[in-house]
Chemist: 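Dropping a structure here in structure tokens format, bear with me for questions.
For ligands, and for the atoms within them, numbers begin at 1 and follow the listed sequence. What you see is a predicted model; the values in this text were computed from it and never measured.
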Amino acid sequence: MRPVLIAACLLLLAPITDSWWASGSAVILDPRMVCKKNRRTRGRLAQICRNETGLLKEISRGVTLGATECAHQFRNRRWNCTTQRRSMRKILMRDTRETGFVNAITAAGVTYAITRACTAGSLLECSCQKEVPKPRRGRVAQMPQPPSPAQTDRWQWGGCSDNVRFGLQKSREFMDSRYRKKSDIKTLIKLHNHNAGRLAIKNNMKVECKCHGLSGSCTLRTCWWRMPAFREVGDRLRDRFEGAAKVISSNDGDSFMPESPNIKRPGKKDIIYSEESPDFCSANMKTGSLGTEGRQCNISSAGTDSCDQLCCRRGYVQTTIREAENCNCQFKWCCEVICETCYVKRDIQTCL
Ligand SMILES: *[C@@H]1O[C@H](CO)[C@@H](O)[C@H](O)[C@H]1NC(C)=O
Ligand SMILES: *[C@@H]1O[C@H](CO)[C@@H](O)[C@H](O)[C@H]1NC(C)=O
Ligand SMILES: *[C@@H]1O[C@H](CO)[C@@H](O)[C@H](O)[C@H]1NC(C)=O
């Protein structure tokens, strides 16, 4: 009797101890923590937490995707989007433009990972979209024509389109539903930025086509929708970060407006914030700034990674490092390339 009982217990435990939480989940928005807090509530979020393990796994992947892209986009800046737990928690408690970017890229990452999983057929709840997505009635048809070389006679929708609608919906359910009843300015901004992140995918879907025809001729083409590369999503959101708009609470208390009346109202795709950023020059536990001491700067750059800017004019130290490189490579019959290892000296600069 006992071994059976133990086996049954192990089975029950399996979804909990399963390694998906431990593996990828970045600290930005830890699905495990979100679920722990909301498991007992009613609504779609708790349902996802209780029942949809496959989906949660993709959400977790999406969070990591967003975090990785964030670190890439900010690698040359004072704030480099490091996912160091304490720092990121502080960033997310504030409401600066960095907070806005993190929220946007996370919502985008979650949408992206779920949609990709639908297309790959790895989620039970969804699949790719087989039929033509029809433009909504009453709207100008936003359906682009596929790029058409002159020799193309006909084309048709077909194949396996990315089903972004499902990804958008699940991203909303998981990330937004628990805030729906609040209308303080911080919550409004958070929901707005989540949406801006999702729109960076939805508004930039691409048409991909394949030719069918005798010997590669393009007499018939089949076309489908594909999401943009996630790097493109990151680039676009980074542009929105550069042009982020500061907003304040409106008089009615449940909407926001631009801080300055001279600025045009931010659109749905824009990243917004309500609080000025710290300069991120020195470490500060309160703001989540890690400071730039010890960061490598670039003396030949004029941008954000220049030694002047990155080191906040404190100066830098130069050290010479030796780097291994392949050299004196020879082609050896047949078929190998044999190289020696050479060491080259390189100067690097790190902030004081
Ligand atoms: C949970 O999953 C079971 C079995 O797949 C299903 O019958 C049930 O309706 C689901 N419950 C919720 C709350 O989604
Ligand atoms: C990001 O900044 C932190 C804090 O200054 C630093 O420890 C880390 O190495 C940086 N990461 C990268 C990839 O430069
Ligand atoms: C330093 O900046 C220059 C100019 O922007 C760039 O060409 C170079 O690749 C950078 N070097 C490093 C190590 O990033």
Chemist: Do any N or O atoms from the side chain of Arg78 and from the backbone of Cys312 form a donor-acceptor pair under 3.5 angstrom?
Modeler: no
Chemist: Using a distance threshold of 4.0 Å (strictly less than), state whether atom 2 (O) of ligand 3 has a protein heavy-atom neighbour.
Modeler: yes
Chemist: Is there a nitrogen or oxygen of Gly291 sitting under 3.5 Å from a nitrogen or oxygen of ligand 2?
Modeler: yes
Chemist: With heavy atoms under 4.0 Å as the rule, classify the contact between Arg295 and ligand 2 as side chain, backbone, both or neither.
Modeler: side chain
Chemist: If the test is side chain to side chain contact (heavy atoms under 4.5 Å, CB included), which one of Glu98, Arg75, Met88, Gln73 qualifies with Cys81?
Modeler: Met88
Chemist: Determine if the distance from atom 9 (O) of ligand 2 to the closest protein heavy atom is below 4.0 Å.
Modeler: no
Chemist: Distance under 4.0 Å to a non-hydrogen atom of Asn80: what atoms of ligand 2 satisfy this?
Modeler: 1 (C), 2 (O), 3 (C), 8 (C), 10 (C), 11 (N), 12 (C), 14 (O)
Chemist: Below 30° counts as parallel, above 60° as perpendicular, anything between as tilted: where do the rings of Phe280 and Trp79 land?
Modeler: tilted
Chemist: Does a side-chain N-to-carboxylate-O contact under 4.0 Å join Arg198 and Asp176?
Modeler: yes
Chemist: Could you tell me which atoms of ligand 3, counted from 1 in the order shown, lie closer than 4.0 angstrom to a heavy atom of Ser301?
Modeler: 2 (O)
Chemist: For atom 6 (C) of ligand 3, what's the nearest protein heavy-atom neighbour? Residue, atom name and distance, please.
Modeler: Asn298 ND2, 4.1 Å
Chemist: Does either side chain, that of Ser282 or that of Asn284, offer a donor lying less than 3.5 Å from an acceptor on the other one?
Modeler: no
Chemist: Select the closest option to atom 4 (C) of ligand 2 among Leu290, Thr292, Asn76, judged by heavy-atom distance.
Modeler: Leu290
Chemist: Mind telling me whether Tyr179 and His194 have parallel, tilted or perpendicular rings, with 30° and 60° as the class edges?
Modeler: tilted
